[in-house]
Amino acid sequence: LDGNNEVHPGFIHRRLRTHEKREMQKEILSILGLPHRPRPHPPHGKYNSAPLFMLDLYNTISNEEKSRVEGIVDRYEPMQTTPSPSLATYQESAFLNDADMVMSFVNLGENELFLSGQRRHHKEFKFNLSQIPEGEAVTAAEFRLYKECVSRAFRNDTFLVKVYQVVKEHPHREADFFLLERRLWASEEGWLEFDITATSNLWVMSPAHNLGLQVSVETSGAVSSETGRSIGSKEAGLAGRDGALEKQPFMVAFFKVSEVHIRSAR
Amino acid sequence: SAGGGKRRQQNRNRSTQPQDGSRGLGPAVADYNSSDQKTACRRHELFVSFRELGWQDWIIAPEGYAANYCDGECSFPLNAHMNATNHAIVQTLVHLMNPENVPKPCCAPTKLHAISVLYFDDNSNVILKKYKNMVVRACGCH
């Protein structure tokens with residue numbers, strides 16, 4: 001239809017045959033740069049934290065584009081869309097403005113282990129970064145964990161949340177780690193963001209080095225006398241896979257195209 | 001030039017009385033202002049619906065996008081009414097001189113905009129990608 005809702009004389013107005021429809025779908029997929037139609041299996045048919053976060057980014061971009069077209073304000077303001085993990089910082093908006101692609105990764109493994117010899121709890125997380133399109137370079141990456149306010153027992157305590165990049169695994173002893181850490185109050189609630197840009201770059205360049213992340217929590221209390229005691233992530237209020245959908249941990253990476261994509265003739 | 005003599009004669013016979021502003025400007029303008037206006041190069045609306053394609057299970061947003069397309073004639077005089085490149089004007093003149101061998105300029109996009117698409121991949125990871133040059137904002141002759 002043209003602007004006046006009249007069928008343009010040059011337009012083919014007939015129902016497409018099945019194979020024509022399939023060809024048309026293939027062409028549109030090709031425009032989107034996809035070799036085939038994805039077949040995802042989102043759990044429960046509902047969005048968890050990662051799609052909600054990404055939808056928040058999408059709305060931010062769309063509103064910006066709309067404003068630009070309409071000549072209104074061209075400045076980013078973070079959206080408050082609780083309980084989804086909203087954009088929290090202006091630094092993230094800079095990543096977003098600079099990115100050609102943003103991708104969130106599903107957490108593939110989440111085992112909580114207690115090493116009795118070292119009296120240490122830790123939780124493992126794994127992300128598959130092998131499906132990133134060629135020519136995309138990571139400009140920033142974050143590991144996001146949701147922390148809920150914990151029970152009275154710890155209310156006035158602080159915790160030390162340690163996120164380790166597993167560098168090398170050994171059969172009979174503990175793995176080698178690269179450490180990122182964060183000190184926070186037990187009563188704090190919200191998303192914890194850990195910068196894992198260097199780690200993700202390594203994982204993209206060398207998938208064999210992708211041995212995941214480990215998270216452990218210990219008390220570092222101003223009040224508690226048990227400073228340095230390892231506690232379970234649930235005790236510390238860290239939401240896991242079995243928690244609320246919108247609070248599940250995930251990883252997000254921002255990409256910039258480093259190569260010119262040329263569509264090949266089919 | 002000698003080339004288009006016969007064609008110009010035909011145009012002259014076809015043309016009716018030039019109206020108001022076009023008086024004295026020649027038959028081509030008079031022709032253009034009547035029936036050619038409908039077939040002139042312009043933007044047409046075309047919505048690509050991801051919903052109609054049955055892709056809601058993997059495309060989260062948007063439901064579709066107004067891709068639009070350009071269609072129509074690029075006829076003399078170009079710069080009087082549309083967004084034409086300098087070369088398109090030269091191309092039109094050469095076409096007028098040698099219509100059998102030299103085609104008219106093409107009606108094509110002159111302004112394109114980007115869209116963002118949010119979708120799942122096979123592993124249920126979510127991708128937000130900017131696609132440049134997906135929406136035709138304006139058409140013109142090239």
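Keep in mind that the numbers below use all heavy atoms, side chains included, and drop hydrogens, waters and symmetry copies. Order of the sequence lines fixes the chain letters, A, B, ..., with proteins taken first and strands second; residue numbering starts at 1 for each chain.
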Does any part of the side chain of A:Phe53, heavy atoms only, come nearer than 4.5 Å to the side chain of B:Leu128, both counted from C-beta? no
Around atom CZ of B:Arg51, are there more than 12 heavy atoms of other residues, nucleotides or ligands at under 6.0 Å? no
Over all heavy atoms of both residues, which pair between B:Ser116 and A:Tyr58 is shortest? Give the atoms and the distance, please. O-CE1, 3.3 Å
Do you know the tightest heavy-atom contact between A:Asn97 and B:Lys130? O-NZ, 3.6 Å
Residues forming a side chain to side chain donor-acceptor pair (under 3.5 Å) with B:Asn123, sequence neighbours excluded: none
Within the 4.5 Å heavy-atom criterion, are A:Leu34 and B:Trp58 side-chain neighbours or not? yes
Shortest non-hydrogen contact from A:Lys21 to B:Glu52? NZ-O, 4.2 Å
Output for pair (B:Asn125 CG, A:Met103 CE), nearest 0.5 Å, gives 4.5 Å
Measure the shortest side-chain to side-chain distance between B:Trp55 and A:Ile28 over non-hydrogen atoms and say whether it is less than 4.5 angstrom. yes
A:Glu20, CD atom: more than 12 neighbouring heavy atoms under 6.0 Å: yes
Restricting to non-hydrogen atoms, name the atom on A:Asp100 and the atom on B:Lys132 that form the minimum distance, rounded to 0.1 Å. OD1-NZ, 4.3 Å
At what distance, to the nearest 0.5 angstrom, does CG of B:Leu53 lie from CG of A:Leu29? 8.5 Å
Quick one: which of B:Pro62, B:Ala114, B:Ala67 has the most heavy-atom pairs under 4.5 Å with chain A, could you say? B:Pro62
Counting C-beta onward and ignoring hydrogens, is there a side-chain heavy-atom pair between B:Ile60 and A:Tyr47 closer than 4.5 Å? yes
Working to the nearest 0.5 angstrom, can you tell me the gap between A:Gln25 CD and B:Phe50 CZ? 11.5 Å
If I measure from the heavy atoms of chain B, does A:Leu108 come under 4.5 Å with its side chain, its backbone, both, or neither? neither
Part of A:Leu129 lying under 4.5 Å from any heavy atom of chain B: neither
Is chain A contacted by the side chain of B:Tyr119, its backbone, both, or neither, given a heavy-atom distance below 4.5 Å? side chain
Where is the tightest heavy-atom contact between B:Ala61 and A:Leu55, given as atom of each residue plus distance? CB-CD1, 4.3 Å
A side-chain contact here means heavy atoms from C-beta on lying under 4.5 Å apart; do A:Arg37 and B:Asp57 qualify? yes
Identify the two heavy atoms, one from B:Val126 and one from A:Pro51, that lie closest to each other, and give their separation to 0.1 Å. CG2-CG, 3.9 Å
Calculate, to the nearest 0.5 Å, the distance between atoms CG and CD1 belonging to A:Leu32 and B:Ile59 respectively. 6.0 Å
Between A:Ala99 and chain B, with a heavy-atom cut-off of 4.5 Å, which part of the residue counts as in contact: side chain, backbone, both or neither? backbone
